[in-house]
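Below is one structure; the comments refer to it alone.
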Amino acid sequence: MNVAQMKDRNNERIEILGDNHFSKNTETPLRADAFDKSDDEKIKNIQYHFEMIMKEMGLDLTDDSLSGTPYRVAKMYIKELFYGLNPANRPKLSTFENKYGYQKMLVEQNITIDSACEHHFLPIVGHAHVAYIPKDKVIGLSKINRLVDYYAHRPQVQERLVLQICNDLQKVLGTEDVIVAVSAKHLCVSSRGIKDKNSFTTTLEYGGCFADKTYRDEFLTIIGQQSV
Ligand SMILES: Nc1nc2c(ncn2[C@@H]2O[C@H](COP(=O)(O)OP(=O)(O)OP(=O)(O)O)[C@@H](O)[C@H]2O)c(=O)[nH]1
Ligand SMILES: [Zn+2]
């Protein structure tokens, strides 16, 4: 098999194996100096720039309802909506020995997705469903929810979101047998542009035994017909 290598825009190596097998580049595109500044410095700078945006729109920032908005937005971006950009905020995912020898599927479903699309910075809202089949390690249930929340709180595309969650869990759990499904509504589709209020998007990533349709079907049956 021919193996060609290319550099992507982050200078990370992507291997192209043959015609259509790509090793996955799941990284969020970040600048090399992404975390050189403190959160407080970033909030101050974003506050300034957001004030400029509001002024450009003709808003009167001396109005007492508007005057605090630039700071509110800046703090919300860094500390709330996009806290998951900073690896320092990744939750600690302690694992335990699988002392029961549980070897069937564990499904954590209806995990809330509160994300934002990186194209318009508008909300992506929906649910994630995650399953794995333990080998030697198990993980506290809430840690799965926490990990989903962390990756969701970045400017995202839904395809990359499921890849990031799945890859991280596979590493932490020491098994390829992980599946992640996300169904979500994109406000950039429902509230602007095409303004389709009803459509939603589902993405799926999996490895190991979930490549087998039997396992995948069991998972899909458990999570059922999902709407968001
Ligand atoms: N693949 C993918 N696309 C997304 C996601 N979130 C938003 N988009 C799409 O990103 C595309 C951006 O397309 P552009 O044509 O550059 O932007 P636009 O002119 O605002 O597009 P319209 O929404 O069609 O008006 C749109 O089609 C969005 O629906 C996502 O998670 N994954
Ligand atoms: Zn969008």
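When a ligand or atom number is given, it counts from 1 through the structure's own listing order. Atoms considered below: every heavy atom in the structure, side chains included; atoms not considered: hydrogens, waters and symmetry mates.
Those atoms of ligand 1 that come under 4.0 Å of a heavy atom in Cys117, given as number and element, are 6 (N). Remark: ligand 1 atoms within the under-4.0 Å shell around heavy atoms of Val189 are 29 (O). Those atoms of ligand 1 with a heavy atom of Cys188 less than 4.0 angstrom away are 7 (C).
For atom 29 (O) of ligand 1, a protein heavy-atom neighbour is present inside the 4.0 Å cut-off. Atom 10 (O) of ligand 1 lies below 4.0 Å from at least one non-hydrogen atom of the protein. Protein heavy atoms are absent from the 4.0 Å sphere centred on atom 16 (O) of ligand 1. Of the protein's heavy atoms, at least one falls inside 4.0 Å of atom 4 (C) of ligand 1.
Annotation: Lys104, atom NZ; neighbour count of heavy atoms from other residues, nucleotides and ligands within 6.0 Å does not exceed 12. Around CG of Asp136, the count of heavy atoms belonging to other residues, nucleotides or ligands within 6.0 Å does not exceed 12.
Between the CG atom of Leu61 and the CZ atom of Phe50 there is a distance of 9.5 Å, given to the nearest 0.5 Å. To the nearest 0.5 Å, atom CD1 of residue Ile78 and atom NZ of residue Lys44 are 14.0 Å apart. Between the CG atom in Leu59 and the OG1 atom in Thr69 there is a gap of 8.5 Å [rounded to 0.5 Å]. Taking CG from Asp33 and CG from Asp36, the interatomic distance works out to 5.0 Å, rounded to the nearest 0.5 Å.
Applying the ring-ring contact (aromatic ring centres under 6.0 Å, His included) definition to pairs two or more places apart or across chains, those involving residues 151-185 are Tyr83-His153. Within the structure, the ring-ring contact (aromatic ring centres under 6.0 Å, His included) test picks out no pair touching residues 155-198 (sequence neighbours left out).
A heavy-atom separation below 4.0 Å is not found between Glu118 and ligand 1. Residue-ligand proximity: Arg192 is placed with a non-hydrogen atom under 4.0 Å from ligand 1.
Nearest heavy-atom pair, Ile179 versus Arg216, reported as atom, atom and distance to 0.1 Å: CD1-CG, 3.7 Å.
Taking only nitrogen or oxygen atoms, main chain and side chain alike, His119 reaches within less than 3.5 Å of ligand 1.
Atom 20 (O) of ligand 1 has its closest protein heavy atom at His120 NE2, 2.7 Å. Considering only non-hydrogen protein atoms, atom 32 (N) of ligand 1 sits nearest to Glu159 OE1, 2.8 Å. Of all protein heavy atoms, the one lying nearest to atom 6 (N) of ligand 1 is His186 ND1, 3.1 Å.
At a 4.0 Å heavy-atom cut-off, ligand 1 touches Gln158 through backbone and side chain alike.
Annotation: protein N, O or S atoms under 2.8 Å of the Zn ion (ligand 2) (waters excluded) comprise Cys117 SG, His120 ND1, Cys188 SG.
Residue Tyr48 is found in a hydrophobic cluster whose other members, listed by chain and number, are Met52; membership requires side-chain heavy atoms under 4.5 Å apart, directly or through intermediates.
Side chains of Gln158 and Thr203: a donor on one and an acceptor on the other come within 3.5 Å.
Judged by distance alone, the side chain of Asn98 and the main-chain N or O of Val138 form no donor-acceptor pair under 3.5 Å.
Residue Gln156 forms a side chain to side chain donor-acceptor pair (under 3.5 Å) with just one option from His119, Gln164, Glu118, and that option is Gln164.
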